[in-house]
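First the proteins, then the strands, lettered A, B, ... as listed; each starts at 1.
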Amino acid sequence: MRIIKLKKEHLRDFVGSLSAFGKLYAPQARGEKSFVLKELKDLSNLRLDYRRTILPPKKFFNRPDETILNFSSDNGYQAAADANGGRRVLFGLHACDIKGLEILDWVMRDGYRDEKYFQRRERTAVIGVSCEPDESCFCLAMQADNVETGYDLFLSDVNSCYLVTVRTSLGDDMVNANQELFQEVGKDTIEAFKKKTHAHARKLDDMCDLSVSQMPELIELEYMSDIWKDYAKRCLSCGSCTMVCPTCTCYDIRDEVELDQQRGTRKKRWDSCFFPDYAAVAGGENFRAEAYSRFRYRYLHKQDGFVAKYGRSSCVGCGRCIEICPAKIDLRDVIKSIEGVT
Amino acid sequence: MAKPRIGIYGLTGCAGDQLAILNCEDELLDIVNAVDLRSFSMASSSNPEGEIDVAFVEGAVCQQRDLDELKEIRSRSKLLIAIGTCAVWGGVAAARNDIDREKLKEKVYGPSGSFLESLPVKPLGEHVKVDLAISGCPIEKEELINSVASLLRGDLPLLVSFPVCTSCKMHEYECLLVKRGQLCLGPITRAGCEARCPGLNRVCRGCRGPVDEPNAASEVALLKERGFDRRDIINALATFAAPAEKLAEQIVGKEPACQSAQDASQAEKE
């Protein structure tokens with residue numbers, strides 16, 4: 001590890017230089033009040049003041065809807081060319097999203113390793129940036145407020161400069177290609193960094209009164225609780241929370257055959273455990289036919305089953321599901337209801 | 001194998017779904033080559049009719065002659081496919097089913113309208129067995145072609161059943177409901193449109209009809225909480241999908257959808 005200093009006046013020059021390492025993606029405004037990670041074609045569009053993007057960075061590795069193979073009666077099955085397989089640099093990811101990618105890696109590695117996912121991951125550089133939390137953030141409770149791995153560079157905002165943590169040799173190359181922009185870290189900056197870090201931690205702590213340490217047990221104990229039914233009355237099953245979740249991985253596969261019946265494509269599209277047909281099987285049975293059982297399942301999976309398998313919840317506290325829910329269902333309220341602390 | 005005999009028909013509606021079929025310009029010859037087209041009055045004046053394997057029917061049943069034609073088509077078709085929101089849900093024409101037909105005729109056409117023959121507007125499935133529903137106002141070209149391709153090999157197609165919100169998120173469109181406080185029906189409306197309207201900064205008006213299990217009560221509650229007038233909410237719900245009118249009734253009590261806002265706010269107070 002190596003830590004150096006980048007003055008804010010040099011940020012644009014540095015970001016601009018990163019396109020030498022792959023197609024550059026960064027947070028930019030969308031609509032009136034939203035942000036997205038998209039290709040940065042104009043440096044003046046970079047918005048490091050963003051709180052969260054509509055979709056998390058999982059979209060770069062698991063595309064929302066894509067063709068995975070083509071088939072024909074002449075050539076059999078052929079893997080589809082990967083339009084997303086080139087070198088990329090994701091600039092400006094927050095710690096929670098970097099943790100989200102790490103969790104996604106565990107899932108994609110287990111069982112059947114998803115090669116396309118890892119090809120894309122391996123060709124993508126990740127550059128993190130420290131954040132300012134808002135009222136929907138609860139990363140502290142989900143141990144995703146800080147990341148030690150999963151990035152090539154991490155920029156921590158220290159007033160007039162960034163402290164740049166170099167984590168990988170690729171990150172080192174990015175810095176070395178721009179030596180003149182960086183400086184050694186002085187004593188003042190170290191003190192300012194400490195202050196800022198403490199203030200950030202205090203702020204997160206003040207905002208977040210959530211504890212999930214007993215969640216697996218409590219969810220099991222409250223499996224039959226009416227709490228699930230109460231929330232499900234409000235839940236629209238619209239799927240938004242699962243689409244925007246950094247660690248939701250469910251997808252559906254379908255074949256589409258051309259009119260000539262000789263050629264077709266196999267397509268993969270994000271799915272959601274909230275949809276009525278999610279657990280429907282041949283013969284018309286449905287393991288989770290009722291809305292409340294689907295609502296409950298999301299918590300069972302993320303806060304219980306996932307913990308049993310990987311030792312932690314798959315939630316990173318990014319707040320996307322809270323911000324986007326049309327029915328204003330707040331995951332923190334659900335957890336508190338289960339804990340009996342509301 | 002003999003080519004499947006196909007018929008394309010229109011009851012009362014704007015004929016937009018038949019037009020959507022004609023608009024499949026790149027695929028039209030492939031479709032015509034793959035089937036034995038027995039009837040398509042918008043495209044041809046020579047329609048031999050007779051027994052058919054698959055009938056595509058657009059439009060809603062609004063008058064006795066629609067009903068007679070529908071039953072006649074059903075009687076000689078192996079499969080009947082409702083195409084378009086009018087055929088599947090009743091559509092715009094069904095938005096005023098809550099008003100007595102006689103009063104409605106007088107309101108629209110004056111005293112001279114009384115001779116007109118008019119039935120409460122119903123989707124096809126209320127009168128005959130429908131084997132497949134392809135919703136949309138109009139239907140999406142991709143869903144139509146995918147359906148024809150599936151039917152040609154003896155399958156029913158896999159059509160989108162998730163809500164517009166899901167598509168909207170996949171495209172990363174800004175949420176018009178949550179972020180801009182607009183009256184959007186995306187949470188309970190069936191997608192398949194790739195969230196075209198929100199992508200153009202226009203709310204979802206529900207033109208493809210509801211999802212399989214719409215939580216209309218929650219949709220109404222969240223819109224009311226955001227300050228929308230109950231009349232506007234009911235009107236929005238009833239615009240394209242007749243069942244939504246029933247749902248709205250259950251939620252906010254039976255009231256004529258087109259009553260004045262004043263009446264509505266009075267009723268609210270009561």
Bottom line for A:Gln261: the part with an atom under 4.5 Å from chain B's heavy atoms is side chain

Using the ring centroid of each side chain, check whether A:Tyr25 and A:Phe60 are separated by less than 6.0 Å.
yes

If we define contacts as heavy-atom pairs under 4.5 Å, which of A:Arg269, A:Glu256, A:Lys328 has the most with chain B?
A:Arg269

Leading residue by heavy atom contact count with chain B [cutoff under 4.5 Å; candidates A:Ile54, A:Asp65, A:Asp255]
A:Ile54

Per-residue contact mode, B:Glu225 against chain A (heavy atom under 4.5 angstrom)
side chain

Taking side chain as everything from C-beta outward and backbone as N, CA, C, O, which of these in A:Lys33 sits under 4.5 Å from a heavy atom of chain B? Side chain, backbone, both or neither.
both

Output yes when B:Glu172 and A:Lys38 qualify as a salt bridge under the 4.0 Å nitrogen-oxygen rule, no when they do not.
no

Tell me which of these, B:Glu27, B:His171, B:Arg226, has more heavy-atom pairs under 4.5 Å with chain A than the rest.
B:Arg226

Just one of A:Arg120, A:Arg254, A:Arg266 clears the salt bridge (charged side-chain N to carboxylate O under 4.0 Å, His left out) bar with A:Glu66, so which one?
A:Arg120

Proximal component of B:Ser161, with respect to chain A [non-hydrogen, under 4.5 Å]:
side chain

Say whether A:Thr247 and A:Lys302, considering side chains only, have a donor N or O and an acceptor N or O under 3.5 Å apart.
yes

Honestly, the part of A:Ser240 sitting under 4.5 Å from a heavy atom of chain B is both

Taking the six-membered ring of A:Trp270 (Phe, Tyr or Trp), confirm whether the NZ or CZ of B:Lys169 is under 6.0 Å from its centre and within 45° of its axis.
no

Side chain, backbone, both or neither: which part of B:Ile31 has a heavy atom under 4.5 Å from chain A?
both

Looking only at the side chains, is there a donor atom on one of B:Tyr173 and A:Ser34 sitting less than 3.5 Å from an acceptor on the other?
no

Under 4.5 Å heavy-atom distance to chain B, tell me which part of A:Ala289 shows up: side chain, backbone, both or neither.
backbone

Chain A heavy atoms under 4.5 Å from B:Ile188: which part of the residue, side chain, backbone, both or neither?
side chain

Pick out which of A:Glu135, A:Glu323, A:Glu132 makes a salt bridge (charged side-chain N to carboxylate O under 4.0 Å, His left out) with A:Arg52.
A:Glu323

Quick test of your reading of the model: are A:Arg63 and A:Asp82 salt-bridged, counting only N-O distances below 4.0 Å?
no

When only pairs under 4.5 Å are counted, which of A:Val244, A:Ile324, A:Asp277 shares the most heavy-atom pairs with chain B?
A:Ile324

